[in-house]
Participant: 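Before I ask anything, let me first share the structure, which is written out below as structure tokens.
What's counted below: heavy atoms across the whole structure, side chains too, no hydrogens, waters or symmetry copies. Lettering of chains follows the sequences in order, A, B, ..., and the numbering in each one begins at 1.
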Amino acid sequence: MHSPKSIIRVKRPNSPLSPPPTPQQRQSSTTVHKKAISKKPRKILQNPQPVPIADVKWKPLNINKSELYLPLTFPTGQTFRWRKTGPLQYTGPIGPHLVSLRQLEDDGVWYCCHFTDNEDNARIDLFDFLNMGISLDEIWSEFRACDQRFTELALHLEGARVLRQDPLECLFQFICSSNNNIPRITKMVDFISSKGDFLGNVEGHDFFEFPSLEKLALLSENELREAGFGYRAKYIVRTVAALQSKPEGGVEWLLSLRKLDLQEAINCLSTLQGVGPKVAACVALFALDQHHAIPVDTHVWQVATRLIPELAGTRLTPKTCKRVTDAFVTKYGKYAGWAQNLLFISELPSQKSLLPASLWNTDEKVSVKLQTKGHAKMKKEEN
DNA sequence: AGGGGACCTCTGC
DNA sequence: GCAGAGGTCCCC
């Protein structure tokens with residue numbers, strides 16, 4: 001009995017394909033989910049029925065480009081749940097809300113809710129998700145003071161912000177990311193997401209609320225493997241079970257990690273299957289307010305092994321990972337993760353067009369290999 | 001404690 | 001073919 005989910009299509013007859021972003025032209029076409037159709041009717045009876053927003057209104061956020069530039073915040077590997085739905089426009093779920101953001105050249109960022117049960121809450125949740133409690137202007141000026149290269153990069157990569165994501169969905173996204181590429185990660189995250197409540201369709205993209213732990217528990221390893229998760233299928237199933245076994249509740253347990261020290265939070269996350277130093281750092285930085293967490297990917301590791309000679313020839317372990325994190329924190333301070341995020345973005349091939357060639361990191365992988373793996377080999381041969 | 005190797009799958013050289 | 005992808009686990 002696979003009846004298609006009930007959808008109310010709200011289309012304005014003359015509306016263009018992409019939602020009009022200008023203040024003069026605020027209404028858009030969108031698709032709204034009729035939430036009354038649910039597998040849990042009793043819940044609907046208990047709660048006031050969400051009011052789908054037929055006429056999507058664009059509202060200003062009053063955030064400058066220096067504080068938030070969407071193309072350097074959304075498609076840069078922090079989240080795999082948002083989609084580009086127009087020029088300088090991105091759409092994605094925030095809790096139970098479906099939101100679009102649009103950058104206007106000289107008028108900051110605007111947003112609209114395609115679906116929500118409460119517009120006031122949506123705006124509050126949006127500011128929280130955008131991590132607006134932290135001023136990029138302030139922390140970047142400190143990075144500039146201590147790093148000439150950061151200063152030069154920042155000139156071209158203004159507004160690269162770190163989001164404050166929901167810990168549960170951030171965790172499963174990054175478990176999917178291990179030893180993986182972005183298109184495939186996105187596909188896997190989409191599969192998991194599709195188990196949550198449908199929120200709407202914008203520009204041909206379906207969006208879902210991230211599934212609850214109870215819904216995630218319905219996923220079997222076989223189903224995940226067939227969906228192309230490979231060996232990560234086991235990680236997902238086991239991590240769901242581990243979270244469900246927490247006395248205070250898995251979601252609450254994850255949220256409680258926001259109050260811990262970075263190392264404690266990393267240690268707790270690392271008890272979960274599929275969570276090593278890299279994934280733990282990503283979740284810590286992108287969801288747990290651990291602003292000095294440093295996701296040590298292969299590139300950071302290669303740079304670090306040259307900066308810290310003792311690390312050359314060793315492997316990325318929790319211990320050596322901490323060495324790298326400490327080095328970054330010593331250099332950049334308590335928001336080191338935000339600094340590293342910009343350095344990471346500057347290395348993305350997709351963002352290189354924003355940088356003058358003089359700022360391209362000319363380190364060829366070959367030469368890095370000679371100095372790291374080659375070094376390791378030489379050391380080994382010496383013995 | 002730390003190194004070796006396997007692991008799903010897909011893309012690019 | 002085979003490394004590499006924003007790694008992690010298991011074993012020795």
Side-chain angles (χ1 to χ4, degrees), chain A residues 72-80 160 162-163 165 170-192 221-239 242 266-267 269-287 293-305 310-325 328 337 340-352 361 364-366 368-370 372-383:
Chain A
L72 290 174
T73 301
F74 284 92
T76 53
Q78 289 188 65
T79 172
F80 304 93
V162 171
L163 298 169
Q165 301 182 54
C170 189
L171 171 64
F172 285 98
Q173 289 189 77
F174 283 95
I175 288 177
C176 292
S177 78
S178 75
N179 198 12
N180 210 346
N181 55 68
I182 288 173
R184 190 170 165 224
I185 298 167
T186 305
K187 193 181 151 200
M188 289 160 61
V189 170
D190 277 351
F191 180 82
I192 294 179
E221 184 178 339
N222 268 348
E223 180 182 4
L224 290 166
R225 279 200 173 261
E226 283 169 16
F229 280 64
Y231 58 81
R232 300 166 201 82
K234 191 164 54 184
Y235 298 162
I236 305 282
V237 171
R238 290 189 183 177
T239 291
I266 298 267
N267 291 344
L269 288 170
S270 301
T271 63
L272 302 169
Q273 287 283 311
V275 181
K278 167 70 193 318
V279 172
C282 285
V283 177
L285 177 62
F286 299 142
I294 307 292
V296 182
D297 58 34
T298 47
H299 179 262
V300 171
W301 179 245
Q302 285 169 347
V303 173
T305 51
E310 305 96 275
L311 291 181
T314 67
R315 291 164 19 126
L316 182 52
T317 62
K319 201 174 180 180
T320 55
C321 190
K322 189 179 182 314
R323 289 285 310 269
V324 177
T325 298
F328 269 81
Q340 199 284 317
N341 184 53
L342 181 83
L343 301 181
F344 171 73
I345 289 171
S346 74
E347 300 291 339
L348 293 175
S350 55
Q351 309 298 343
K352 271 212 163 135
N361 192 338
E364 290 304 322
K365 289 188 176 178
V366 178
V368 172
K369 272 184 186 171
L370 284 175
T372 56
K373 291 187 179 176
H375 188 194
K377 203 170 190 177
M378 284 172 64
K379 265 193 166 178
K380 198 175 175 183
E381 284 164 1
E382 283 171 11
N383 296 341

Participant: By nearest nucleotide on DNA chain C, pick out whichever of A/Lys234 and A/Gln340 is the more 5' one.
Facilitator: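 Nearer the 5' end of the strand: A/Gln340.
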Participant: A/Gly77 near the nucleic acid: base, sugar-phosphate alone, or nothing, with a heavy-atom cut-off under 4.0 Å?
Facilitator: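 If one applies the 4.0 Å heavy-atom cut-off, A/Gly77 turns out to touch a base.
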Participant: Going through the distances and angles, do A/Thr76 and A/Gln351 end up as a side-chain contact (heavy atoms from CB on, under 4.5 Å)?
Facilitator: CA-CA 9 Å; A/Thr76 53; A/Gln351 309 298 343; 3.8 Å; yes
Participant: Any donor-acceptor pair under 3.5 Å between the side chain of A/Lys278 and the base of C/dG6?
Facilitator: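 Yes, the side chain and the base share a sub-3.5 Å donor-acceptor pair.
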Participant: If you check every side-chain atom of A/Ser178, which of C/dT8, B/dC8, B/dG5 has the closest atom?
Facilitator: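 That would be C/dT8.
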Participant: Would you mind reading off the distance between A/Arg232 atom CZ and C/dA5 atom C1', rounded to a whole angstrom?
Facilitator: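 About 9 Å, once rounded to whole Å.
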Participant: Distance check, rounded to the nearest 0.5 Å: A/Cys176 atom SG versus A/Ile192 atom CD1?
Facilitator: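 A/Cys176 SG to A/Ile192 CD1: 4.0 Å, rounded to 0.5 Å.
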Participant: How many whole angstroms separate atom CD of A/Gln302 from atom P of C/dG6?
Facilitator: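 Taking atom P of C/dG6 as the reference, CD of A/Gln302 is at 12 Å.
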Participant: Compare the minimum distances between each of C/dG6, C/dG7, C/dC10 and the side chain of A/Val279, then state the nucleotide with the smallest one.
Facilitator: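 Of C/dG6, C/dG7, C/dC10, C/dG7 is nearest to the side chain of A/Val279.
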Participant: Under a 3.5 Å distance rule, please check whether A/Gln78 uses its side chain to pair with a backbone N or O of A/Leu163 as donor and acceptor.
Facilitator: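 Yes, A/Gln78 side chain to A/Leu163 backbone: donor-acceptor pair under 3.5 Å.
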Participant: Between B/dC8 and C/dC11, how far is it from one P atom to the other, in whole Å?
Facilitator: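 Straight-line distance between the two P atoms is 14 Å.
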Participant: In whole Å, I'd like the distance from the CD1 atom of A/Ile185 to the P atom of B/dC8.
Facilitator: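 Going from CD1 in A/Ile185 over to P in B/dC8 covers 17 Å.
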Participant: Using whole Å, what does the distance between atom P of nucleotide C/dG7 and atom OH of A/Tyr231 come to?
Facilitator: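 It works out to 9 Å between those atoms.
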Participant: May I have the distance from A/Arg238 (atom CZ) to C/dC10 (atom C1'), rounded to whole angstrom?
Facilitator: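 In whole Å, C/dC10 C1' and A/Arg238 CZ are 11 Å from each other.
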Participant: Are A/Leu224 and A/Phe191 close enough, and set up right, to give a side-chain contact (heavy atoms from CB on, under 4.5 Å), and what steps lead you there?
Facilitator: CA-CA 9 Å; A/Leu224 290 166; A/Phe191 180 82; 3.9 Å; yes
Participant: Using 0.5 Å steps for rounding, measure from the CD1 atom of A/Ile175 to the NZ atom of A/Lys234.
Facilitator: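 Reported value, rounded in 0.5 Å steps: 13.5 Å.
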Participant: Counting any heavy atom closer than 4.0 Å, what does A/Thr76 reach on the DNA or RNA strands: base, sugar-phosphate only, or nothing?
Facilitator: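 A/Thr76: base contact, heavy atoms under 4.0 Å.
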Participant: Can you tell me whether the side chain of A/Tyr235 and the base of C/dG7 have a donor-acceptor pair closer than 3.5 Å?
Facilitator: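 No, the side chain and the base share no sub-3.5 Å donor-acceptor pair.
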Participant: Can you measure from OG1 (A/Thr79) to CZ (A/Phe286) and round to the nearest 0.5 angstrom?
Facilitator: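 The distance works out to 10.0 Å.
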Participant: Identify which nucleotide among C/dT8, C/dG6, B/dC8 has an atom closest to any side-chain atom of A/Pro277, counting heavy atoms from C-beta outward.
Facilitator: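 Comparing C/dT8, C/dG6, B/dC8 against the side chain of A/Pro277, the answer is C/dT8.
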Participant: State the dot-bracket string of DNA chain C. Criteria: Watson-Crick or G-U wobble, both atom distances under 3.5 angstrom; notation: ( ) intrastrand, [ ] crossing earlier pairs, | interstrand, . unpaired.
Facilitator: |||||.||||||
Participant: Rounded to the nearest 0.5 Å, what separates atom CZ in A/Phe229 from atom CE in A/Met188?
Facilitator: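 Going from the CZ atom of A/Phe229 to the CE atom of A/Met188 covers 4.5 Å.
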Participant: Taking the same atom, P, in C/dC2 and in B/dG5, what whole-Å distance lies between them?
Facilitator: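 The same atom, P, in both gives a distance of 15 Å.
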Participant: What is the nucleic acid contact for A/Val296, judged by heavy atoms within less than 4.0 Å: base, sugar-phosphate only, or nothing?
Facilitator: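 If one applies the 4.0 Å heavy-atom cut-off, A/Val296 turns out to touch nothing in the nucleic acid.
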Participant: A/Asn179 and A/Tyr231: side-chain contact (heavy atoms from CB on, under 4.5 Å), yes or no, with the steps?
Facilitator: CA-CA 11 Å; A/Asn179 198 12; A/Tyr231 58 81; 3.3 Å; yes
Participant: Looking at A/Arg184, does any N or O in its side chain come under 4.0 Å of the phosphate oxygens OP1/OP2 on C/dA5?
Facilitator: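 Answer is no, no contact under 4.0 Å.
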Participant: Among C/dG6, C/dA5, C/dC9, find the nucleotide with the atom closest to the side chain of A/Gln273.
Facilitator: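 Taking heavy atoms from C-beta onward, the closest nucleotide is C/dC9.
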Participant: Among C/dC9, B/dG3, B/dC7, which nucleotide sits nearest the side chain of A/Thr314?
Facilitator: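 That would be B/dG3.
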Participant: Using whole Å, report how far CD1 of A/Ile236 lies from C1' of C/dC9.
Facilitator: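 Interatomic distance, CD1 of A/Ile236 to C1' of C/dC9: 15 Å.
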Participant: Are A/Phe172 and A/Tyr235, when compared by the centres of their aromatic rings, separated by less than 6.0 Å?
Facilitator: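 No.
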Participant: Contact class for A/Val300 (heavy atom, under 4.0 Å): base, sugar-phosphate, or nothing?
Facilitator: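 The answer is nothing, as A/Val300 stays clear of every strand by at least 4.0 Å.
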Participant: When the P atoms of C/dG6 and B/dG4 are compared, how many Å lie between them, rounded to an integer?
Facilitator: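 My reading of the P atoms in B/dG4 and C/dG6 gives 24 Å.
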Participant: Would you tell me if any nitrogen or oxygen in the side chain of A/Lys319 comes within less than 4.0 Å of OP1 or OP2 on B/dG2?
Facilitator: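 Affirmative; the distance criterion is met.
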Participant: Give one of base, sugar-phosphate or nothing for A/Leu272, where a contact means two heavy atoms less than 4.0 Å apart.
Facilitator: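 Here A/Leu272 touches the backbone only, sparing every base.
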Participant: Please give, in whole Å, the distance from C/dT8 C1' to A/Phe174 CZ?
Facilitator: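 Between C1' of C/dT8 and CZ of A/Phe174: 16 Å.
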Participant: Please state how far atom CZ in A/Phe80 lies from atom P in C/dA5, giving the value in whole angstrom units.
Facilitator: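 Interatomic distance, CZ of A/Phe80 to P of C/dA5: 14 Å.
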